[in-house]
Amino acid sequence: MAIDQLDDRVILTSESNPKTQLTILNYGATVISWKINSEEQLWLSTAAKLDGSKPVRGGIPLVFPVFGKSQAEGFKDLPQHGFARNSIWEFLGQTKANPPTVQFALSPELANPDVYSKWDKGDNDFTLLLTVELDDQELKTTIEVENTDKKAWKFNWLFHTYLRVDDIEDSLVNNLPGETCYDQIVKETYVDKHPAVDFDKETDRIYKQVPEKKILQVIDKGNVLHNVQRVNLPDVVVWNPWIEKSGGMGDFEPKNGYLNMVCIEPGHVHDFVELKPGESWKASQIISTKNKDIQLLSI
Ligand code: TA6
């Protein structure tokens, strides 16, 4: 069975390898597990709430209509990262059996009312359509945002992807040298001149307008663990909470879990995307694993 629909989640199983599976929670349409040959590719806190009581700590939370907190008109009252990740999406079913592909949708009727009501005047008509495709060595998540309203509105989008690593202190993220980032820790914008991003403290950087040809690679002791490709997502957030920040998050467990994760978050967050009535916007992230024959790229 390529697609298994349970009460609160959907499980996709590769046709060619039953040990390659993906689990998506209806809550937030959050991918909470991606196993390739039984090997977990994503990081999920052991204290992550999966009952809809709060956004999932780990996996691939979806960020819409705002990234972080914003003081922009119409966004000031929204909680961090908006309402897509804490609303129950509708499972629309399977669109392909091989590779297993499913869709989820969100609309104002389904959105978390406490949060949706804080976007603009709380009456923006929209449709979000998430398509998730599980290939043997690759996971593709695509979002389509449609303005079904009679007025224009604006939004951010971001896939808040928690990738698993063996040891963050041995890990690097490459292909960002020369890119401009806003460092949320030191509150400064600068051009990253390091040969690669390494981790020895809390790291929280928004790399803006990174050419799509730059495939972000997570490298562990010289081996490519993950490749992250982007379609129509110009920005990439790189985040590791390190010791103190993860210690302060009640749903972040185990406390040394920061050693086994790095967030590589493709998005459109450097400004807002504006959609006029009837317009739509589409973007994807494609994550392929170490087995993919993509060599170390130095573009
Ligand atoms: O990943 C970037 C970021 O904005 C960080 O600043 C940190 O706040 C992280 O998201 C997690 O946010 P959350 O609301 O899930 O605790």
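Start at 1 and go down the list; that is how both ligands and their atoms are numbered. Hydrogens, waters and symmetry mates are skipped; everything else that's a heavy atom, side chains included, is used. Along the sequence shown, residues carry numbers from 1. Predicted model, so just to flag it, every value in this text is computed and none were measured.
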Show the numbers, then the answer: is there a salt bridge (charged side-chain N to carboxylate O under 4.0 Å, His left out) between D149 and K151?
-> CA-CA 5 Å; D149 205 324; K151 63 183 183 301; 2.6 Å; yes
In short, salt bridge (charged side-chain N to carboxylate O under 4.0 Å, His left out) pairs touching residues 67-88 with sequence neighbours left out are E73-K76
Min N/O separation Y162 to ligand 1 under 3.5 Å | no
Can you say whether the rings of F75 and W119 are parallel (under 30°), tilted (30 to 60°) or perpendicular (over 60°)?
-> tilted
Note: heavy atom closest to atom 1 (O) of ligand 1, options Q184, R85, E265, belongs to E265
Pair T161-Q285, side-chain donor/acceptor within less than 3.5 Å = yes
Side chains of residues 91-105: which donor-acceptor partners sit under 3.5 Å, not counting sequence neighbours?
unit_1: Q94; atom_1: NE2; unit_2: K96; atom_2: O; d: 3.2
unit_1: T101; atom_1: OG1; unit_2: P99; atom_2: O; d: 2.8
unit_1: Q103; atom_1: NE2; unit_2: T131; atom_2: OG1; d: 2.9

Provide, to 0.1 Å, the distance between atom 6 (O) of ligand 1 and the closest protein heavy atom, together with that atom's residue and name.
-> D204 OD2, 2.5 Å
Nearest protein heavy atom with distance in Å, relative to atom 16 (O) of ligand 1 | R57 NH2, 2.9 Å
Nearest protein heavy-atom contact for atom 3 (C) of ligand 1: which residue, which atom, what distance?
-> H81 NE2, 3.9 Å
Give me the ring orientation class for Y116 and F126: parallel if the planes are under 30° apart, tilted from 30 to 60°, perpendicular past 60°.
-> tilted
Which of these, Q80, R205, H160, M249, has its nearest heavy atom closest to atom 12 (O) of ligand 1?
-> Q80
Mind checking whether W239 has an N or O less than 3.5 Å away from an N or O of ligand 1?
-> no
